[in-house]
Undergrad: 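Here it is, the structure in full.
Count residues from 1 along the sequence. Because the structure is a prediction, the values reported are computed rather than measured.
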Amino acid sequence: MTGRDDVLIVGGGVIGLASGLALLGAGRQVRVLEAGTAGCGSSHGNCGTITPSHAAPLAAPGTVARALRWMLSPDAPLRVSPRVDPALWYWMAGFARRCNRRDWLRGMQARAALLQASRAAFPEWLSAHGIECEFLPSGVDHVYRDPAQFAAFADEATHLRALGIPVEMIDGDIYLRGEPALREGVVGAVRFDGDARLRPDRYVAGLARAFQAAGGTLVEGCEVLAAGEVRDGVHVTTSRGAFAGRDLLLATGAWSPRLARALRLRVPVQPGKGYSITYSRPARVPQRPMVLHERSVCVTAWDSGFRLGSTMEFSGYDRSLNRVRLDALVRGARDYLHVPEGPVREEEWYGWRPMSVDDVPILGAVPGARHLWLATGHGMLGVSMSVATGHLMTDLICGRAPRLDPAPYAPDRFA
């Protein structure tokens, strides 16, 4: 048994580390317990876009119908792998109930608040902690080849603008004149000037360094075996010994449902598997990060490299690197880009995103507990929401007036 910490955080990904760093700033003694190595989860290989533009949740009218149509298409942008999995189908039933316009708009408002707060805080956050990760307030463009889908986005654009998110819809001919990286056939683009980008693996590595430099303790290779409340705090048993603390924050991303069982909790999260391919930087790249809409492929160029990523696959905790889905990223890029790949393929990657049943993060106190907290369910937006999540969890754990209304994210909304 080590000495008692103020806060034990289970999970050394972007959410756990950002929360730990914010808690240190509030004067708390913090220890992060990570089963693997810091940043080894879903943040490592994502496309590194900071996107208030992605405020609309996946739980939207029509999503379930599309998923059912694509179920037998192994390269579909959104795919539910057919299998016997009661937990998945229970989650899907709850997800389907929320695929209506009222819940979609409510989820958009909740996600926008976190995304906008994070985006506003990022420059100072990175500067204050000395994190170099190729951050650039670049904006992000969504590019369309289907006129009907481009026109249909006008409804979502109206709601995003009402939330203070700038949206510009650009005619395809005009857009192509300013973006030589694209092939002909673009009918329109949606520009989100308020978005940004960074290199996510460098961001998470920077968080880990800053956390330790600020006095935090990071314990890697530390699998949690059991955890629970005791009279005046929490006790955690791990593969590297026992730890005690006043509060315990569970920030384990897609693994949260499994680890929550040790706390006798049900966390409505499923792993949504995403893929990416990282290349050395080609000579001709888009001027901004972009989403190739019909193919659901995100393209990001940094000074240090070039990445194709995205897709969503509900296949449980399957550890295989699905060649069909990786190849679909390249095929999609070839439809849009003159130079869809870099000279050297440096990494092929998959990661599990923590998809909550309403695609809104689960942040706050565990119902009925005094010292247990959750920070999970960020889906594809963990990096984008990391700063605001760290600040909100710090406010709640420290008993301060929260800078964001915590009610839309509270775990007890599922009770």
Side-chain angles (χ1 to χ4, degrees), residues 14-15 17-18 21-22 43-56 108 111-143 153 156-157 160-170 174-175 178-182 189-207 210 276 278 281-282 284-293 297-310 378-392 403-404:
V14 69
I15 297 301
L17 290 170
L21 193 52
S43 301
H44 171 84
N46 74 26
C47 286
T49 51
I50 311 301
T51 49
S53 61
H54 281 45
M108 186 187 299
R111 285 158 56 99
L114 272 175
L115 287 164
Q116 289 169 299
S118 261
R119 173 63 186 89
F122 251 109
E124 182 180 352
W125 172 260
L126 296 174
S127 176
H129 297 298
I131 299 173
E132 298 290 339
C133 57
E134 299 188 56
F135 177 85
L136 186 69
S138 57
V140 173
D141 293 345
H142 289 226
V143 183
F153 185 77
E156 184 174 326
L160 291 174
R161 291 188 185 108
L163 293 169
I165 297 170
V167 184
E168 180 184 4
M169 298 186 74
I170 306 171
I174 295 173
Y175 187 78
E179 184 44 272
L182 283 169
V190 181
R191 174 160 294 166
F192 299 99
D193 268 333
D195 288 1
R197 59 87 158 153
L198 51 71
R199 178 110 188 195
D201 49 345
R202 296 186 178 182
Y203 172 51
V204 183
L207 283 176
S276 71
T278 304
R281 183 181 167 106
R284 192 177 188 181
V285 299
Q287 298 175 49
R288 292 177 176 82
M290 61 175 53
V291 175
L292 313 178
H293 179 79
V297 175
C298 183
V299 181
T300 309
W302 306 287
D303 294 343
S304 62
F306 180 74
R307 183 169 289 169
L308 306 177
S310 196
H378 293 79
M380 296 179 281
L381 300 173
V383 170
S384 287
M385 294 177 169
S386 58
V387 183
T389 294
H391 287 154
L392 178 57
R403 61 199 76 190
L404 290 175

Undergrad: What is the distance from atom CG of L21 to atom NE2 of H391, rounded to the nearest 0.5 Å?
TA: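 Reported to 0.5 Å precision, the distance equals 8.0 Å.
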
Undergrad: Is it the case that the side chain of E179 and the backbone of P286 share a donor-acceptor pair, with hydrogens and angles ignored and the cut-off at 3.5 Å?
TA: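 The answer is no, because no donor-acceptor pair under 3.5 Å joins these two groups.
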
Undergrad: Any idea which heavy atoms bring G194 and P166 closest together, and the distance?
TA: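 Smallest interatomic distance, heavy atoms only, reads N-CG, 4.0 Å.
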
Undergrad: Taking all heavy atoms of L160 and all of V167, pick out the closest pair and write down the distance.
TA: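 Heavy atoms of L160 and V167 come nearest at CB-CG2, 4.0 Å.
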
Undergrad: On a heavy-atom basis, which atom in A388 and which in S118 lie closest, and how many Å separate them?
TA: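 What the structure gives for the nearest pair is N-OG, 2.8 Å.
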
Undergrad: To the nearest 0.5 Å, what is the distance between CD1 (I15) and CG (L207)?
TA: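 Reported value, rounded in 0.5 Å steps: 9.5 Å.
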
Undergrad: Which heavy atom of E156 sits nearest to which heavy atom of A56, and what is that distance?
TA: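 Nearest pair, atom of E156 first, then A56: OE2-CB, 3.5 Å.
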
Undergrad: Just one of N46, T278, T300 clears the side-chain hydrogen bond (donor to acceptor under 3.5 Å, both in side chains) bar with R307, so which one?
TA: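 Testing R307 for a side-chain hydrogen bond (donor to acceptor under 3.5 Å, both in side chains) against N46, T278, T300 leaves exactly one candidate, T278.
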
Undergrad: Taking side chain to side chain contact (heavy atoms under 4.5 Å, CB included) as the definition, give me every residue that meets it alongside M385, ordered by chain and number, with sequence neighbours left out.
TA: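 In terms of side chain to side chain contact (heavy atoms under 4.5 Å, CB included), with neighbours along the sequence ignored, M385 is linked to R111, L114, L115, P361, H378, L381, T389.
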
Undergrad: Angle class for the F135/F122 ring planes (parallel below 30°, perpendicular above 60°, tilted otherwise)?
TA: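 F135 vs F122 ring planes: parallel.
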
Undergrad: Tell me, which pairs form a salt bridge (charged side-chain N to carboxylate O under 4.0 Å, His left out) where one or both residues lie in residues 194-207, sequence neighbours left out?
TA: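 Sorted pair list: E134-R202, R199-D201.
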
Undergrad: Using only atom types and a distance under 3.5 Å, with no angle test, would you say the side chain of S384 pairs donor to acceptor with the backbone of T51?
TA: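 The answer is yes, because a donor-acceptor pair under 3.5 Å joins these two groups.
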
Undergrad: Looking only at heavy atoms, what is the nearest atom pair of Q116 and L163, with distance?
TA: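 Smallest interatomic distance, heavy atoms only, reads NE2-O, 3.0 Å.
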
Undergrad: Quick one: does Y175's side chain get under 4.5 Å of R191's, heavy atoms only?
TA: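 Contact flag for Y175/R191 side chains = yes.
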
Undergrad: To the nearest 0.5 Å, tell me how far Q287 CD sits from S138 OG.
TA: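 So the CD of Q287 and the OG of S138 are separated by 11.5 Å.
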
Undergrad: Hey, is the main chain of W302 close enough, under 3.5 Å, to the side chain of R281 for a donor-acceptor pair?
TA: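 It does hold such a pair.
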
Undergrad: With rounding to the nearest 0.5 angstrom, report the CZ to CD1 distance, R119 to I50.
TA: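 One gets 8.0 Å once the value is rounded to the nearest 0.5 Å.
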
Undergrad: Extract all donor-acceptor atom pairs below 3.5 Å that involve side chains of residues 125-133 and protein atoms in other chains or at least two apart in sequence.
TA:
unit_1, atom_1, unit_2, atom_2, d
W125, NE1, Y203, OH, 3.3

Undergrad: How many angstroms lie between atom OG1 of T49 and atom CE of M380, to the nearest 0.5 angstrom?
TA: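 T49 OG1 to M380 CE: 10.0 Å, rounded to 0.5 Å.
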
